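A quick write-up on the structure given underneath.
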Amino acid sequence: MRPSKIICIGWNYRSHLAETNAVLPKEPIVFFKPPSCLIGDGDNIVTVNDTGNIHHEVELALIFGKSGKNIRESDSLSYVSHVAVFNDITARDMQTKARSEGNPWCLAKGMDTFGPMSRPVPIGAVKDIHNLDLELSVNGDVKQNGNTSMMIFTVEKLIAYVSRFMTIEKGDIMATGTPEGIGPLVKGDVVIAKIDGVGELKNKVI
Ligand code: MG
């Protein structure tokens, strides 16, 4: 099912703040990626000229099984039908330039193939969504390590917060932020993102 939107959360792990010169957010930082950026396991991440540094960001993705507005925290997980591994590919130089100029960073996050996502698994198969190990490796070297227990805003808080402002529609995806260790990808790299009990996502950069 094609989502109406991919809702992304920025700076949701304390350890990731310093490496991007960000301050502790008082409320979740929300942005979008377009559905046209989605690719699957085994597909190629395609770089284009003039974008500068491309970075990886392993994230837990939520997939919504029903629509909701003003969702209560206590109720929020009942809206999530599946989870998946997501890699929030970012043209970092473009994003940094946009941030410094006070401009939106849509293009830096929204290019074609910048949204690799693993095959979704039912949320019922996940033991504890608040205690999942995330790991990302490039060419076999582990670059990112984290656990969903380290989120600044919990999954429930994120859903309640975003749905105050916009309807979350059935099929929508929410990428919940990345832990520390983001770094560059270059042509030929093979990037593997994993979340325990959720799956594995392998993509090559071309
Ligand atoms: Mg991200």
Side-chain angles (χ1 to χ4, degrees), residues 3 5-20 22-33 41 56-90 115-137 142-182 191-201:
K5 53 191 170 294
I6 303 169
I7 302 158
C8 296
I9 307 300
W11 296 290
N12 199 28
Y13 287 79
R14 250 167 241 275
S15 56
H16 173 56
L17 296 173
E19 65 184 357
T20 50
V23 293
L24 187 68
K26 292 190 179 68
E27 288 173 326
I29 309 295
V30 182
F31 64 94
F32 291 124
K33 286 168 93 92
D41 180 42
H56 54 74
E57 298 186 358
V58 58
E59 308 197 5
L60 172 71
L62 314 174
I63 297 135
F64 291 85
K66 58 181 179 180
S67 301
K69 180 87 196 280
N70 292 314
I71 298 168
R72 287 184 192 166
E73 277 183 42
S74 57
D75 223 15
S76 59
L77 284 181
S78 73
Y79 287 79
V80 179
S81 62
H82 292 74
V83 292
V85 184
F86 193 83
N87 194 347
D88 176 18
I89 301 293
T90 305
M117 190 171 81
S118 69
R119 195 182 192 78
V121 300
I123 190 168
V126 173
K127 230 193 301 177
D128 180 2
I129 201 165
H130 304 104
N131 185 19
L132 296 172
D133 285 329
L134 303 91
E135 185 191 282
L136 181 139
S137 65
V142 176
K143 303 288 186 185
Q144 289 190 272
N145 248 325
N147 186 284
T148 55
S149 64
M150 293 152 66
M151 285 186 187
I152 296 168
F153 300 104
T154 62
V155 164
E156 289 92 335
K157 281 200 162 49
L158 294 174
I159 296 169
Y161 180 78
V162 171
S163 73
R164 271 167 55 193
F165 303 97
M166 64 182 75
T167 301
I168 296 178
E169 295 185 271
K170 183 179 178 180
D172 281 355
I173 296 168
M174 181 185 281
T176 55
T178 196
E180 70 184 319
I182 57 164
V191 55
I192 299 179
K194 284 189 219 175
I195 302 177
D196 273 351
V198 175
E200 187 174 303
L201 173 65

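Everything numeric here is computed off the predicted structure, so don't read it as measured data. Start at 1 with the first residue, then count along the sequence.
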Please report the shortest heavy-atom distance between [X] and [Y], naming the atom on each side.
{"X": "His82", "Y": "Pro122", "result": "CD2-N, 3.5 Å"}
{"X": "Asp75", "Y": "Ser78", "result": "O-OG, 2.7 Å"}
{"X": "Ala61", "Y": "Phe86", "result": "CB-CB, 3.8 Å"}
{"X": "Glu27", "Y": "Tyr161", "result": "OE1-OH, 3.5 Å"}
{"X": "Gly171", "Y": "Pro3", "result": "O-CB, 3.2 Å"}
{"X": "Leu60", "Y": "Val198", "result": "CD1-CG2, 4.4 Å"}

### Task
Evaluate side-chain contact (heavy atoms from CB on, under 4.5 Å) for Val83 paired with Ile63, printing each intermediate quantity in order.
CA-CA 6 Å; Val83 292; Ile63 297 135; 6.0 Å; no

Using a 3.5 Å distance criterion without hydrogens, assess whether the side chain of [X] forms a donor-acceptor pair with backbone atoms of [Y].
{"X": "Asn12", "Y": "Thr176", "value": "yes"}
{"X": "Ser67", "Y": "Lys170", "value": "yes"}
{"X": "Thr167", "Y": "Gly68", "value": "no"}
{"X": "Ser163", "Y": "Ile71", "value": "yes"}
{"X": "Thr148", "Y": "Asn131", "value": "yes"}
{"X": "Ser118", "Y": "Val85", "value": "yes"}

Pairwise distance [atom1]([X]) to [atom2]([Y]) - rounded to 0.5 angstrom:
{"X": "Tyr13", "Y": "Glu180", "atom1": "OH", "atom2": "CD", "answer": "11.5 Å"}
{"X": "Leu77", "Y": "Leu62", "atom1": "CG", "atom2": "CG", "answer": "8.0 Å"}
{"X": "Lys157", "Y": "Ile9", "atom1": "NZ", "atom2": "CD1", "answer": "13.5 Å"}
{"X": "Asn70", "Y": "Arg164", "atom1": "CG", "atom2": "CZ", "answer": "8.5 Å"}
{"X": "Ile7", "Y": "Asp172", "atom1": "CD1", "atom2": "CG", "answer": "5.0 Å"}
{"X": "Lys143", "Y": "Asn145", "atom1": "NZ", "atom2": "CG", "answer": "12.5 Å"}

When you compare the side chain of [Y] with that of [X], does any pair of heavy atoms fall below 4.5 Å?
{"X": "Phe64", "Y": "Glu169", "answer": "no"}
{"X": "Val58", "Y": "Pro179", "answer": "yes"}
{"X": "Trp11", "Y": "Leu24", "answer": "no"}
{"X": "Ser76", "Y": "Glu156", "answer": "yes"}
{"X": "Lys194", "Y": "Leu134", "answer": "no"}
{"X": "Val30", "Y": "Leu158", "answer": "no"}
{"X": "Pro116", "Y": "Ile89", "answer": "yes"}
{"X": "Val142", "Y": "Leu136", "answer": "no"}

### Query
Cation over ring, Lys66 on Tyr79, under 6.0 Å and within 45°?
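Yes, Lys66 lies over the aromatic ring of Tyr79.
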
### Query
Should the pair Asp88-Lys33 be classified as a salt bridge under the 4.0 Å nitrogen-to-oxygen rule?
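Here Asp88 pairs with Lys33 in a salt bridge, since their nearest N and O are under 4.0 Å apart.
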
### Query
Should the heavy atoms of other residues, nucleotides or ligands under 6.0 Å from NZ of Lys5 be counted, would the total exceed 12?
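Yes, enclosed.
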
### With Glu19 via salt bridge (Lys or Arg N to Asp or Glu O under 4.0 Å) - residues at least two apart
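In terms of salt bridge (Lys or Arg N to Asp or Glu O under 4.0 Å), with neighbours along the sequence ignored, Glu19 is linked to no residue.
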
### Message
Before you tell me yes or no, could you show the steps for Met117 and Ile173 under side-chain contact (heavy atoms from CB on, under 4.5 Å), namely the whole-Å CA-CA distance, both residues' side-chain angles and the distance that decides it to 0.1 Å?
### Response
CA-CA 10 Å; Met117 190 171 81; Ile173 296 168; 3.7 Å; yes

### Task
Test Ile195 against Asp133 for side-chain contact (heavy atoms from CB on, under 4.5 Å), laying out the working first.
CA-CA 6 Å; Ile195 302 177; Asp133 285 329; over 6 Å; no

### Stepwise side-chain contact (heavy atoms from CB on, under 4.5 Å) test for Asp41 and Arg119
CA-CA 7 Å; Asp41 180 42; Arg119 195 182 192 78; over 6 Å; no

#### Entry: With Thr178, the side-chain hydrogen bond (donor to acceptor under 3.5 Å, both in side chains) member among Gln144, Glu57, Glu59, His56
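Output: one option passes, namely Gln144.
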
